[in-house]
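Since the structure comes first, as structure tokens, the remarks are kept for the end.
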Amino acid sequence: MERAKELLGQPDIKIMDIAERLGYADNHYFSKAFRTYYHVTPTQYRNQLQNP
């Protein structure tokens with residue numbers, strides 16, 4: 001999940017591509033796992049980085 005956070009800091013990489021890079025076949029499963037771990041969705045996390 002740390003790698004996911006790093007990749008989400010790069011807005012030019014789509015979330016579905018991040019999920020694929022990390023070995024998740026399903027984008028929705030990646031989002032659910034990320035939300036369970038960090039209590040925010042990948043999109044919410046990315047938005048927080050861009051709008052502190």
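Just the heavy atoms: all of them, side chains too, but no hydrogens, waters or symmetry mates, feed the values below. Model, not experiment: these values are computed from the prediction. Note that the numbering runs from 1 along the sequence shown for the chain.
For the pair Q44 and N47, the minimum side-chain heavy-atom distance is 4.5 Å or more. Using a 4.5 Å cut-off on side-chain heavy atoms (C-beta onward), L49 and Y45 make contact.
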Please step through side chain to side chain contact (heavy atoms under 4.5 Å, CB included) for the pair R3 and I18, ending with a clear verdict. CA-CA 9 Å; R3 183 68 178 137; I18 293 172; over 6 Å; no
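For E20, the CD atom sits in a loose shell: 12 or fewer heavy atoms of surrounding residues, nucleotides or ligands are nearer than 6.0 Å. Y29 OH: 12 or fewer foreign heavy atoms inside a 6.0 Å radius.
Atom CD1 of residue I15 and atom CZ of residue F34 lie 8.5 Å apart, to the nearest 0.5 angstrom. The distance from atom CZ of R21 to atom CZ of F30, rounded to the nearest 0.5 Å, is 11.5 Å. Of the inter-residue distances, the one linking Q48 atom CD with L8 atom CG reads 11.0 Å to the nearest 0.5 angstrom. For the atom pair CZ (R46) and OG1 (T41), the distance works out to 11.0 Å, reported to the nearest 0.5 Å.
What you find for L22 and A4 is that their closest heavy atoms are CD1-CB, 3.5 Å.
Note on L7: it does not cluster hydrophobically with M16, by side-chain heavy-atom contacts below 4.5 Å among ILVMFWY residues.
Under the side chain to side chain contact (heavy atoms under 4.5 Å, CB included) criterion, K32 pairs with R35, T36, sequence neighbours left out.
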